[in-house]
Amino acid sequence: MELIEEAPHRFRIDPHGPMRVPGVVFASRKLLNDAEKSLEQVVNVATLPGIVGASYAMPDIHWGYGFPIGGVAATDVADGGVVSPGGVGFDISCGVRLLAADTDQKGLESALTEVMDGLDRAIPRGAGPGGVWHLTGPGQLERILRGGSRYAVGEGHGVERDLVRCEDGGAVADADVDQVSARARERGLGQVGSLGSANHFLEVQRVDEVYDETAAAAFGITVGQVCVMIHCGSRGLGHQICTDHVRLMDRAMTRYGIKVPDRQLACTPVESPEGQRYLGAMAAAANYGRANRQLLSDAARKVFHRAAGIRLSLVYDVSHNLAKIETHPVAGTRRTLCVHRKGATRAFPPGHPDLPDDLREVGQPVLIPGTMGTASYVLVGVAGGDAFSSTCHGAGRVLSRHRAARAVGGRELRARLESAGIAVRPRSLRGLAEETPEAYKDVSEVVAASEGARLCRTVARLVPLGVVKG
DNA sequence: ATGTTC
C-alpha cells in the first residue's frame, strides 16, 4: 500500500481501481505498524457509491467488520449515497459519558473504598442479561427506543441539565421501533442500564493535567477534580439490529446495482427503503445507548451521594459509533451527507449551532477512554478540522484477547493496579487480563497524533482511581 | 462489540 505523507500526521492513498475518492489516514508511522489489513479496508470503503471527500482513518485505526474501526466515511444523500451498517459497527451508539464531581481527590480519599464497593454492587456488567432497570413490559422498551435519555430523565433518573449536555439533547427523533426485530427487543429487554464487557468500563478518575484552561473551565473540570467516566453501548439490542440489517442489505444490494469489494460492506442508498429502515433501527439503538448511560449515571450518583455526599454533574455524552445526517461543505457547496463514524468521535468546532449555548464558543467536548491504569483524555473540536468534524475514539487494540490473557494473569494484573493506587472491581479476572494495558496502543500517542493532524485540541488528561469492569 | 459460533 503506497502511503504519501502529504502533511504532518496525514497520509494519502491515491485512488486506484474502483476507488471513487482517495484514502486519507491521520497517524504517525509508528501507529501504522501492522496496519496493512485495516488500510485495505480504507481502500475498500473508498469504493462506496456516493462517497465524498475521502475515506478517512483516525490514528487509532484497526481492523474491523468491513470498515476499519477508526474510520469516517460520508456519502452524498442526494447523489445516491449509501448507508452501511458496517460503517457504524455492531455496538451501535457505543460512546462515552463524563461526569464531574463537586470534590477533588482529597474529598474522596477516605470514602473511595466505600464508593468502589457501592459501585461494585450497583453497576450491572459482564456478558448476558442484567440491568439496573427491570422493565414492566414491551411498552416501556419502546419508550426507551423513542425517548433515550430524555425518557430516563422524565422517569426521575436524572436532571434536565443532563439532556442539555448530551449529544442530540439525549434522544434522536427519527427512531423507527417497527424496524427493531422481536429478537433484538428480546435481547434489549433485560440489559437496560448495564456496562457489558470487553473494553467497556466505569471509572472513577482524577483530572491529572489541564492543557486548555478556557475549554476546561467551560466544560466544568479543573486539576485534581474527581470525575466518573462511563464507556458502554447498546448491548445485545444494537448487536442484533446490526446483524439483522446487514443481512437485509446484503440481499437487497444487487437490486440497486451496487457491487462492493467485501460483503461486509453491505449497503443500500440512504434514500432506499432498506436504508431508511436501517437508519430508523439504528436511531432506536442510539436512544437505547443514551438511556443506558443515563441510568448508569443515575446509579453511580446514588452511590457517590450515599457513601460520600458527593454530587456528579454531566460534562458531556457523545457516541463514537453512529451514522448521522449532517450538512458539510463539499467542493465549496453545502451538501446533506450521511456521515459514518465507526470508532471515531464527532468533534464539532466552536460556533456550531448544535452545541449547547454554554459550550458553543469553545467547541464540542470529545471524550477519549484510555485503558486501565493509563489515562483518558478530554479533547475539543476545532475549526478547519478535516474528516467532517471527527477525531479519534480511544487507544485501539494491538493484542488479541487470547494473547492478552496469555501475557498476564488476572490476579497478577489486579495486584499491579492496586499497588499503583487503582482500586479494581472486576466481574471476572479473565476479563480483566484481556484488558491489560499492554493489549492497547498508547492512548497518549493517539491523542497527540489527532492533535498533530489538526482534528482536535487536547483539553485535559484524566487518570484512574478506581475501575469497574465487566 | 456480542446470550464471546445460527
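Here is how names work: the chains are called A, B, and so on, in the same order as the sequence lines, proteins then strands, and each is numbered from 1. Any value given below was found using the heavy atoms of this structure, including those in side chains, with hydrogens, waters and symmetry copies removed.
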Mind calculating the distance between [atom1] ([X]) and [atom2] ([N]) to the nearest angstrom?
{"X": "A:Gln191", "N": "B:dT4", "atom1": "CD", "atom2": "C1'", "answer": "13 Å"}
{"X": "A:Tyr65", "N": "B:dT5", "atom1": "OH", "atom2": "P", "answer": "15 Å"}
{"X": "A:His402", "N": "B:dT5", "atom1": "NE2", "atom2": "C1'", "answer": "17 Å"}

Could you pull out all residues at least two apart from A:His157 that satisfy ring-ring contact (aromatic ring centres under 6.0 Å, His included)? A:Trp133
Relative to the 5' end of DNA chain B, which residue comes earlier, A:Gly126 or A:Arg397, by the nucleotide with the nearest heavy atom?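 Checking each residue's closest nucleotide, the 5'-ward one belongs to A:Arg397.
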Please compare A:Asp91 and A:Arg247 by the position of their nearest nucleotide in DNA chain B and report the one closer to 5'. A:Asp91
Could you check whether [X] gets within reach of a base, just the sugar-phosphate, or nothing at all, counting any heavy atom under 4.0 Å?
{"X": "A:Gly233", "answer": "nothing"}
{"X": "A:Glu434", "answer": "nothing"}
{"X": "A:Arg183", "answer": "base"}

Does A:Arg397 pair with A:Asp60 as a salt bridge, N-O distance under 4.0 Å? no
Salt bridge (charged side-chain N to carboxylate O under 4.0 Å, His left out) contacts in which one or both residues fall within residues 265-292 of chain A, not counting sequence neighbours: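 As it turns out, the salt bridge (charged side-chain N to carboxylate O under 4.0 Å, His left out) pairs with a partner in residues 265-292 of chain A, which skip direct neighbours, are A:Glu167-A:Arg290, A:Asp168-A:Arg290, A:Arg255-A:Glu274.
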Under a 3.5 Å cutoff, is there a donor and acceptor pairing between the side chains of A:Asp298 and A:Gln294?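 Side chains of A:Asp298 and A:Gln294: no pair found under 3.5 Å.
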Strictly below 4.0 Å: does A:Ser197 bring a side-chain N or O up to OP1 or OP2 of B:dT4? no
